[in-house]
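Beneath this line is the structure, given in structure tokens, with notes to follow.
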4 protein chains.
Amino acid sequence: MTETAARKAEVANDTVTKDVENVSGQRLKSYLDRIDRLEEEKKGLAEDIKDIYAEAKGVGFDVKTIRKIVKLRQMDTNKRHEEEELLELYKSAVGLD
Amino acid sequence: MTETAARKAEVANDTVTKDVENVSGQRLKSYLDRIDRLEEEKKGLAEDIKDIYAEAKGVGFDVKTIRKIVKLRQMDTNKRHEEEELLELYKSAVGLD
Amino acid sequence: MTETAARKAEVANDTVTKDVENVSGQRLKSYLDRIDRLEEEKKGLAEDIKDIYAEAKGVGFDVKTIRKIVKLRQMDTNKRHEEEELLELYKSAVGLD
Amino acid sequence: MTETAARKAEVANDTVTKDVENVSGQRLKSYLDRIDRLEEEKKGLAEDIKDIYAEAKGVGFDVKTIRKIVKLRQMDTNKRHEEEELLELYKSAVGLD
DNA sequence: ATTGCGGTTTTTGCCC
DNA sequence: GGGCAAAAACCGCAAT
């Protein structure tokens with residue numbers, strides 16, 4: 001192999017390698033950026049929620065209790081599904097279906 | 001006090017009481033609704049993020065590692081280095097490498 | 001079938017049914033009790049572990065880092081190195097150091 | 001400073017350093033070992049519990065349902081405390097204490 | 001057989 | 001710093 005040919009091969013190799021790294025690196029970065037952005041928004045919402053709690057606290061509400069209420073309301077929504085699920089479960093366990 | 005005046009006072013009292021209850025009850029509900037709504041949105045974003053991880057996994061990336069990177073990028077550089085150093089220190093202290 | 005014979009049959013049936021219910025009920029309870037007991041012990045050990053972390057923290061160790069070390073030691077050496085390499089790879093891919 | 005004195009100093013320094021490293025390294029290892037041991041036991045118990053579930057399943061019980069039962073029993077125990085706690089919480093929220 | 005998924009436990013970060 | 005809520009790792013199951 002001539003010196004020139006060898007050089008070309010090396011370059012070609014490098015290029016390929018770089019391309020491979022680039023495409024996956026690029027892609028990875030893209031995912032990371034999208035995730036970061038959504039995480040940002042999520043964090044923003046968390047802030048907003050915190051602010052509401054703070055505001056409520058400011059007018060005399062007990063934050064901890066409000067949290068409990070929020071949770072209870074969610075439960076009241078989820079609970080139904082949960083209980084239905086449990087019922088189904090037990091029914092199937094006894095061979096009722 | 002005449003009967004009419006007394007009546008008025010009672011009514012007034014009731015009204016005030018109701019108003020007080022109303023305003024705080026209303027207010028509390030308002031807070032709860034706002035919180036619920038934001039929580040909903042937050043949950044939606046969490047879903048989106050999960051989807052991205054799934055997508056990345058689909059093209060061969062390691063999700064666990066991506067999560068680590070996300071955290072590292074969020075973390076302050078100095079703090080990150082500190083933690084890394086501390087880990088290395090402990091590792092060498094117990095002969096782990 | 002005479003009345004007496006029928007009576008006997010019923011009784012026999014009841015007895016069998018009860019026995020069946022008893023044996024499975026008994027058995028189920030036995031399982032539940034054994035599980036409860038073991039869960040108790042497990043919880044106790046979790047407490048003990050927590051205490052050790054607290055103690056270590058008391059003399060100046062960083063709990064978070066210790067946790068990492070515990071995990072690393074549990075992990076197979078090869079797997080550990082693989083993960084570390086993968087992390088380094090991703091880090092360099094996104095220009096993190 | 002004579003050569004001998006310098007030597008002694010070095011040795012002393014080394015010794016001190018080693019001692020310091022030793023004591024903390026030793027101590028760290030000691031914590032790690034204790035944790036490991038307890039984790040082992042904990043894992044063992046988890047195994048035992050798993051075995052019981054397997055055994056129950058082997059004689060025809062539905063594992064998922066048993067798990068639910070176990071949880072319900074725990075709740076029945078914990079629930080009381082939980083409810084008491086919640087009561088206290090609301091009481092304090094209303095200024096009753 | 002492999003991989004996605006639900007649920008459980010463990011870990012981390014946060015607020016008081 | 002201690003308790004609490006959110007996130008993440010882990011595990012068994014199921015479905016393909």
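A, B, ... follow the sequence lines: proteins, then strands. Residue 1 opens every chain.
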TODO: Please assess A:Glu85 against A:Leu89 for the test side-chain contact (heavy atoms from CB on, under 4.5 Å), listing each intermediate value before the final yes or no.
DONE: CA-CA 6 Å; A:Glu85 183 200 340; A:Leu89 180 67; 5.7 Å; no
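- In this structure, CD of D:Glu47 is placed 13 Å from C1' of F:dG12, rounded to the nearest angstrom.
- Using a 4.0 Å cutoff on non-hydrogen atoms, no part of residues 28-38 of chain A comes near DNA chain E.
- Taking the side-chain contact (heavy atoms from CB on, under 4.5 Å) definition, one finds that D:Glu40 meets it with nothing, sequence neighbours left out.
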Open item on the list: Assess the residue pair D:Ile69 and D:Arg73 against the criterion (side-chain contact (heavy atoms from CB on, under 4.5 Å)); give the C-alpha distance rounded to whole Å, side-chain angles, the decisive distance to 0.1 Å, and a yes or no.
Closed with: CA-CA 6 Å; D:Ile69 306 261; D:Arg73 285 171 120 214; 4.3 Å; yes
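- Closest-nucleotide positions on DNA chain F for B:Ala46 and D:Lys50 were compared, and the one nearer the 5' end corresponds to B:Ala46.
- Rounding to the nearest 0.5 Å places CD of C:Glu82 at 11.5 Å from OG1 of C:Thr77.
- Within the nucleic acid shown, C:Lys43 has no heavy atom closer than 4.0 Å to any nucleic acid atom.
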Task: From CA spacing to verdict: salt bridge (charged side-chain N to carboxylate O under 4.0 Å, His left out), B:Lys71, B:Glu83 - done: CA-CA 13 Å; B:Lys71 275 215 175 166; B:Glu83 287 192 9; over 6 Å; no
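- Taking the side chain to side chain donor-acceptor pair (under 3.5 Å) definition, one finds that B:Arg67 meets it with nothing, sequence neighbours left out.
- Every residue was checked against the side-chain contact (heavy atoms from CB on, under 4.5 Å) condition with A:Val94, not counting sequence neighbours, and none meets it.
- Residue D:Glu39 contributes atom CD, which lies 10 Å from atom C1' of E:dT10 at whole-angstrom precision.
- Of the residues in residues 54-88 of chain D, those with a non-hydrogen atom less than 4.0 angstrom from any atom of DNA chain E are D:Lys71.
- Scanning for side chain to side chain donor-acceptor pair (under 3.5 Å) contacts around B:Arg80 gives an empty result, with sequence neighbours left out.
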